[in-house]
Amino acid sequence: MGKRIKFRGRKLIKKDLKNLINLALKKLCVLEKINYKEFDFNVEVPPKNIKADYATNVCLVGARYFKKSPKILSEELKNILLSEDIDFINSKKESKIFINIKNITCLGQGFLNFDLDLSSFLYSFLYFYNNKEYYFFNNDDKFKKILLEFVSANPTGPLHIGHARGAAIGDSLSRLLKKKGHIVETEYYVNNAGNQMNILKESLEIRYRQVLGEKIDFPENHYMGDYITEIARDLYEEKRIKDYKQIDFKTIILNKMLDIIKSELKRFNVEIDNWFFETKILEKDSSGTNDLDRVMKILEDKNLIKDIDGAKWLNTAEFSEDDKDRVIIRKDGRPTYFASDIAYHENKYIRNYDLMIDIWGADHHGYVPRIKASMEYLGNDKEKLHIILYQLVSLIRDGEKVAMSTRKGEFISLVEVLEEVGLDATRFFLLMRSTDNPIEFDLSLAKKSTNENPVFYIEYAHARIHSIMKNFYNEFHEYNGFIFDKIEDKYLSILEKNLNQEEDISIIKTLISFKEILNFAERDFSPHYITTYLLDLAGKFHNYYNKYKIIDKANSNKTLSRILLIKEIAFVIKNGLEILGITAPESM
RNA sequence: GCGUCUGUAGCUCAGUUGGAUAGAGCAACUGCCUUCUAAGCAGUGGGUCGGGGGUUCGAAUCUCUCCAGACGCACCA
């Protein structure tokens, strides 16, 4: 005696229920003679101890609005929802029946719990199976033009695991946002104008002269990494130039370092669209001014800059969250890093993105207020600039913290980690945690091929499904070449007979929610929701695999139904991993 | 001292706009390989969600305060 609710279009269960409840609220308002006003409530999966498919807190939230106790309200709403006189049918054209309510119960302080008929889930399954790309990834054409800037490490040495976290987050977000239909550019800002560059150049020059046989002490604050000595040696081997003053060490070392970084990122499966050089900000155009001059003029015209002791300070304290004013032009006339960063970010605004995301290590958090303030001063909408801060990564090997000091070249490089544990595990471990938490990257664990290691656990689920598919084609020759890209409506009755276990429904619910997970990840710029979700889904699959035999030679309908289910699991795992930049192997 | 982030099972961590009896993996113990990949599955034990106040019908989640830890407070980048 269930009530079938028809909805046209592409909404799935939760959304349909929400719409349904809203209609019931409207009806109640008419009965109570009060004006209908929308308010926010949830439709959620209830906790395990409640035997229902979905629950809503609408009566708890709406109690004050209707001036009734949640309990009474829930009884009234229940009656309206189950009454036959309300026609919720909303189907002028072709209609799909998605919700078939079996029962509604009022429990707790006023929760309404919905028990749905199996058909609700199977209709949904059929719908998203047939429209996967659209269902999971469509964004109602609300796409944005987005710039993602990340890594932007000084080109003074190889990338380490901390840079890799930023790279993994940035690249994964880029994949996610692209999948959701946005136009995304990724960018690496190269600090090639500052003091660090000079020190780097001198480091190479001194190493080169040492190669030539000069006895020079290597200065304290210079880059001591072996890679510089190697570059110096190679340089001498190549050209054999004795007069080092003829050599343009700066250009050589910059290009060399960028080559290294580019190859490391490539190896890490990270794509950078734009390489933006700091020197571009300082290049004079035909009128003899550069980006920095233009920015300075605006700020000076607005009286936001003052001279103290010959240096120029930007007044960030008075009008922003920043706690003090900041120098932007030094006493000697050289701009600070902050100055070129203002001009760089202004340049981003001029390029006209709807959203600019910067991904920084959390040790730079103090920098956020001043860069936001400066953008505001220039008349830009600071809401368009979103800064993601991620906490540090420490490496653990055999239960011991690996010492990392970026000074003196004592660090494990990204490439070394990749060589030790592989690309997939490295990316997964870096994406597994919320950016607000530091990561303890356990190298020993990441190497293991057991279920202790989450990335193997997920990949194994995917490989297993492919292995089952292979067996399926062997057992059922008549389906060779059949790819199951669509389920026809007539199969619904078959599904109803064969996907009716608790686990079937639980997996279908989990599959439906992939869309939600992607939306959360997009909203919070947090790929780690996806890692958690995939672990859950993989767990449900492994459990299912052990409990039920997918292939049953004597029952082709049962086999086909289960094949469709696991094919959809494979689709979601593959796409989830793709967003993380991780491969989904077909065999292991 | 000021600011940002963190504090959830022995360990590493999930916990979405505040929702009903707070979850997973590891570690410990017990089962499951003639059966689609045991690189797997099932079960048991394990918690005053750092402490205390406040808001709320309802708080791990919001707020205040205290405690502990990490990081940051340059005319470095």
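We name chains A, B, ... by the order of the sequence lines, and we start the count at 1 in each one. FYI, side chains are in, hydrogens and waters are out, and symmetry mates aren't considered; it's all heavy atoms of this structure.
Nearest to the side chain of A:L392, among B:rU56, B:rC71, B:rG19, sits B:rC71. In this structure, of B:rU17, B:rG15, B:rG19, it is B:rU17 that holds the atom nearest to the side chain of A:D40. In this structure, the nucleotide among B:rA20, B:rC41, B:rA77 sitting nearest to the side chain of A:I50 is B:rA20. Comparing atom distances between the A:P47 side chain and each of B:rA20, B:rC57, B:rG72 picks out B:rA20 as nearest. Considering only side-chain atoms of A:D436, the nucleotide from B:rG19, B:rC13, B:rU6 that sits closest is B:rU6. Taking every side-chain heavy atom of A:Q196 into account, B:rA77 is the closest of B:rC71, B:rA77, B:rU35. Comparing B:rG72, B:rC57, B:rG15 against the side chain of A:R64 picks out B:rC57 as the nearest. Side chain of A:K549, nearest nucleotide from B:rU35, B:rC75, B:rA42: B:rU35. Of the candidates B:rU12, B:rA77, B:rA20, the closest approach to any side-chain atom of A:L107 belongs to B:rA20. The listed nucleotides are B:rU17, B:rC71, B:rA77; the one nearest the side chain of A:N195 is B:rA77.
Between the NZ atom of A:K14 and the P atom of B:rU17 there is a distance of 13 Å, given to the nearest Å. Taking atom CG of A:L112 as the reference point, atom C1' of B:rC57 lies 16 Å away to the nearest angstrom. Regarding A:D363, its CG atom lies at a distance of 15 Å from the C1' atom of B:rA74, rounded to whole Å. If you take CD1 of A:I329 and P of B:rA74, they are 19 Å apart, rounded to a whole angstrom. Straight-line distance from the CD atom of A:Q109 to the C1' atom of B:rA20: 6 Å, rounded to whole Å. For A:H528 and B:rU12, the NE2 to C1' distance is 14 Å, given to the nearest whole Å. Between A:L395 atom CG and B:rU12 atom C1' there is a gap of 15 Å when expressed in whole angstrom units.
If you take atom C1' in B:rA39 and the same atom in B:rG23, they sit 24 Å apart, rounded to whole Å. Straight-line distance between the C1' atoms of B:rC73 and B:rG15: roughly 33 Å, to the nearest whole Å. Taking atom P on both B:rU6 and B:rG46, the two are 30 Å apart, rounded to the nearest angstrom. Distance check on atom P: B:rC49 versus B:rU8 gives 11 Å, rounded to whole Å.
Here A:H364 counts as stacked on B:rA77: its ring centre is under 5.5 angstrom from the base ring centre and the planes meet at under 30°. Remark: ring of A:F111 stacked against base of B:rA20; centroid gap under 5.5 Å, plane tilt under 30°.
Nucleotide B:rA14 has no partner under the Watson-Crick or G-U criteria, as no pair reaches both atom distances under 3.5 Å. In this entry B:rG72 has B:rC2 as its Watson-Crick or G-U wobble partner, both defining distances falling under 3.5 Å. Within the shown strands, nothing qualifies as a pairing partner of B:rG47 under the Watson-Crick or G-U definition with both distances less than 3.5 Å. With both pairing distances under 3.5 Å, B:rG31 is matched to B:rC41 as a Watson-Crick or G-U wobble pair.
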Under the criterion ring-ring contact (aromatic ring centres under 6.0 Å, His included), I'd like the reasoning laid out for A:H542 against A:Y457: C-alpha separation, chi angles, the key distance, then a yes or no. CA-CA 9 Å; A:H542 286 307; A:Y457 186 75; 4.7 Å; yes
Would you please test A:K372 and A:E321 for side chain to side chain contact (heavy atoms under 4.5 Å, CB included) and show each step? CA-CA 9 Å; A:K372 286 234 177 197; A:E321 313 266 300; over 6 Å; no
Before giving the answer on ring-ring contact (aromatic ring centres under 6.0 Å, His included), spell out for A:Y344 and A:F276 the whole-Å C-alpha distance, their side-chain angles and the decisive distance to 0.1 Å. CA-CA 9 Å; A:Y344 170 49; A:F276 194 105; 4.8 Å; yes
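A:F136 does not carry A:K515 over the face of its six-membered ring by the limits of under 6.0 Å from the centre and within 45° of the normal.
Within the 4.0 Å cut-off from OP1 or OP2 of B:rC71, not a single side-chain nitrogen or oxygen of A:Y367 is found. In this model, the phosphate group of B:rU17 is approached by a side-chain N or O of A:R523 to a distance below 4.0 Å at OP1 or OP2. Side-chain nitrogen and oxygen atoms of A:Y548 include none within less than 4.0 Å of the OP1 or OP2 phosphate oxygen of B:rC41. For the OP1/OP2 pair of B:rA38 and a distance below 4.0 Å, the side-chain nitrogens and oxygens of A:R464 include at least one atom meeting the criterion. At the phosphate of B:rG25, neither OP1 nor OP2 sits under 4.0 Å from any side-chain N or O atom of A:H542. Applying the 4.0 Å criterion to OP1 and OP2 of B:rC32, one finds that A:N546 has every side-chain N and O outside that range.
Within 4.0 Å of A:A63, counting heavy atoms only, lies no atom of the nucleic acid at all. Residue contacts for A:F338: at a heavy-atom cut-off of 4.0 Å it reaches no nucleic acid atom on any strand shown. If you check every strand for non-hydrogen atoms under 4.0 Å, A:A463 touches a base. Counting non-hydrogen atoms under 4.0 angstrom, A:S587 reaches a base of the nucleic acid. At the heavy-atom level, A:N57 lies under 4.0 Å from base atoms of the strands shown. Residue A:N42 is in base contact, counting any heavy-atom pair closer than 4.0 Å across all strands shown. Using a 4.0 Å heavy-atom criterion, one finds that A:T532 contacts the sugar-phosphate atoms exclusively. Contacts of A:N198 with the nucleic acid, taken as non-hydrogen atoms under 4.0 Å apart, are absent. Within 4.0 Å of A:E44, counting heavy atoms only, lies at least one base atom of the nucleic acid. A:N49 comes within 4.0 angstrom of a nucleotide base, judged by non-hydrogen atoms across all strands. Using a 4.0 Å heavy-atom criterion, one finds that A:V61 contacts the bases of the nucleic acid, with or without backbone contacts as well. Within the nucleic acid shown, A:F472 has no heavy atom closer than 4.0 Å to any nucleic acid atom. Among the protein residues, A:K547 comes within range of no part of the nucleic acid, since none of its heavy atoms lies under 4.0 Å from any strand.
The residue from A:H364, A:E149, A:E187 that alone fulfils the side-chain contact (heavy atoms from CB on, under 4.5 Å) condition with A:D358 is A:E149.
Classification of A:K306 and A:D325 as a salt-bridged pair holds, one side-chain N sitting under 4.0 Å from a carboxylate O. Salt bridge status for A:K509 with A:D53: present, with a side-chain N to carboxylate O gap under 4.0 Å.
When atom types are taken as modelled, the side chain of A:R562 and the backbone of A:K549 share a donor-acceptor pair closer than 3.5 angstrom.
Nearest heavy-atom pair across A:L511 and A:Y533 is CA-OH, 3.7 Å.
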